[in-house]
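Below, read A as the first sequence line, B as the second, and so on, with proteins coming before strands; counting in each chain starts at 1. When reading the values below, keep in mind they use all heavy atoms of this one structure, side chains included, and skip hydrogens, waters and symmetry mates.
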Amino acid sequence: MTVMPFAMGLACVLLAFVPFGRIFGSALTPAFPLMAIYYWAVVKPEMFPPVAVLAVGLMFDLLSGGAIGLWALVYVVTYAVVISQRMLLVNAPFSAFWIGFLATAVFAGFLAWVIVSVIHGIFVPPSSVVRHMAVTVAVFPIFAMLFGRIQTRVLQGG
Amino acid sequence: MDPNRSTLPFREFSHRISLVFMLTLAAALLLLGRAETYVFDRARQVVTDLAAPLLEIASRPVAATRHIIERTDEYAYVFDENERLRAENARLLAWKEEAQKLQAKLARYEALLNVQIDPAINYASGRVVSDSGGPFVDTVLVNVGAEKGAKSGQAVVDTDGLIGRIVSTGPKASRVLLLTDLNSRVPVVIEPAHYKAVLAGDNTNWPKLEYLASQSAISPGDRVVTSGDGGLIPPGLPVGLVIQTSSGELRVQTFSDRGRLDFVRVLQYEFPSKVKRQDPPEVLGGPVEGEAAEADAAAPPVSAAQAARE
């Protein structure tokens, strides 16, 4: 395991809190950590072990001020599901990789929504999580490309 | 097939085991975190304080970009805007005169009625350095911490009105719970008829009005301000306007724009429970003859009112 993907995961957590929304006047930033987790779960899971996923999720929870363990659990479960479906995605063309991410985002968003609704005992309006995940899926290709660059550099370095 | 499966069976196996372990750990954390134990709160503060300077640096280019875009917009509309501001200025000058008259009148009435005037509120200014980051929480970090006097419960305002209140503080940064968050409850008053309600966030852009008396006649466009009930948030801070959703429900459109939060003020308000009685000024002290008798007569109700406040 190299620390690079994990460091990228942590950087993604920080990035998720940078108020980019202020530029456009909307508040939601994409789920950057989910992109990193999905990318490395498919491409090289050995480089992003479950403990790293948990750490990234927990860091997000600590910074976000929401329920502790919410995103840690969502990310670890999502990671497990992606790993189980990895064979479908590992050598697939980019479009399939992207569609796989769409399914992953839908799954993660739905799971998080269910957990939050159970915690609060009410049906939390789902519009914000839908928007959040839509933005995430839309900007995924840019980050997948970026991660790809980093990945090849790490491999070359190794 | 996966090449790793044949070459690295042990690694695959340990990966699985660790995955199951992490799943259990995450679920346990979610349950433990509900207990809101001291350890998690402490960890949260430490992480927040460490991340705040990094986020502040990262938010600078964002603010600069926003500034450039705003400037470009302003240049495009500079003549229209100028015209509009002239008209508004003329209107406001008339209002200013009116306000000055009312202020003088009010000061006289307050002096006559011996009203306890709210002490001036100190504040600390800061910047919003982070976004909420998640779809289920509406909190932001501001770079005003305990070192600058921020405390849990203090109201946070921007130039437009109330944005929320502080829920936790570290030495350098504090977390602000915005009005739209699921956990936000703020006592408000709906003007002009002075109906009281609680403004409750529900993770949408428009918070709800709860505990509103059934016969209260409020209509879209009414102004909502803080009521000061509970003594946490000073009374009279502008909050927003009543709007009607497509389903006929009455909600509140906040004056502050959630997407454009930048510079904010943390109000260091203390509920005036221990304020000394203010005597009316000399000029309004009433007739000179028989003053002692009148003072005696006036004393009991004042002290009773003060006792009720305390």
Structural part of B/Ile68 lying under 4.5 Å from a heavy atom of chain A = neither
query = Relative to chain B, which segment of A/Asn91 carries a heavy atom at a distance below 4.5 Å: side chain, backbone, both, or neither?
reply = neither
remark   = Note: A/Gly69 and B/Leu30 closest approach over all heavy atoms is C-CD1, 3.7 Å
request  = Taking all heavy atoms of B/Ser130 and all of A/Pro19, pick out the closest pair and write down the distance.
outcome  = CA-CD, 4.0 Å
key: Shortest non-hydrogen contact from A/Ala67 toward B/Arg44   = C-NH2, 4.3 Å
Heavy-atom proximity to chain A below 4.5 Å, by part of B/Thr65 = side chain
ask   = Taking C-beta and beyond as the side chain, do A/Phe20 and B/Asp131 meet within less than 4.5 Å on heavy atoms?
value = no
task = State whether the side chain of B/Arg175 and the backbone N or O of A/Leu63 hold a donor-acceptor pair below 3.5 Å, judged by distance alone.
result = yes
A/Phe17 and B/Leu141, any side-chain heavy atoms less than 4.5 Å apart = no
task = Answer yes or no: is there a side-chain heavy-atom contact under 4.5 Å between B/Leu182 and A/His120?
result = yes
request  = Report the relative orientation of the aromatic rings in B/His15 and A/Tyr79; use parallel for angles under 30°, tilted for 30 to 60°, perpendicular for over 60°.
outcome  = tilted
ask   = So do the side chains of A/Val76 and B/Leu19 get within less than 4.5 Å of each other, counting heavy atoms only?
value = yes
message = Heavy-atom cut-off 4.5 Å, strictly under: side chain, backbone, both or neither for A/Leu54 against chain B?
response = side chain
ask   = So which heavy atom on A/Leu73 is nearest to which on B/Ala26, and how close?
value = CA-CB, 3.6 Å
message = Counting only non-hydrogen atoms closer than 4.5 Å, does B/Val129 touch chain A with its backbone (N, CA, C, O), its side chain (CB onward), both, or neither?
response = backbone
query = Taking C-beta and beyond as the side chain, do B/Thr48 and A/Leu62 meet within less than 4.5 Å on heavy atoms?
reply = no
message = Which atoms of A/Val116 are under 4.5 Å from chain B, going by heavy atoms: the side chain, the backbone, both sets, or neither?
response = side chain
Side chain B/Thr139, main chain A/Ser64, donor-acceptor under 3.5 Å = yes
request  = For A/Gly66 and B/Val137, work out which heavy atoms get closest and say how close.
outcome  = CA-CG1, 3.3 Å
ask   = Within a strict 4.5 Å, meaning less than it, do heavy atoms of the B/Leu25 and A/Val51 side chains meet?
value = no
ask   = Looking at side-chain heavy atoms only, is the closest gap between B/Leu55 and A/Val18 below 4.5 Å?
value = yes
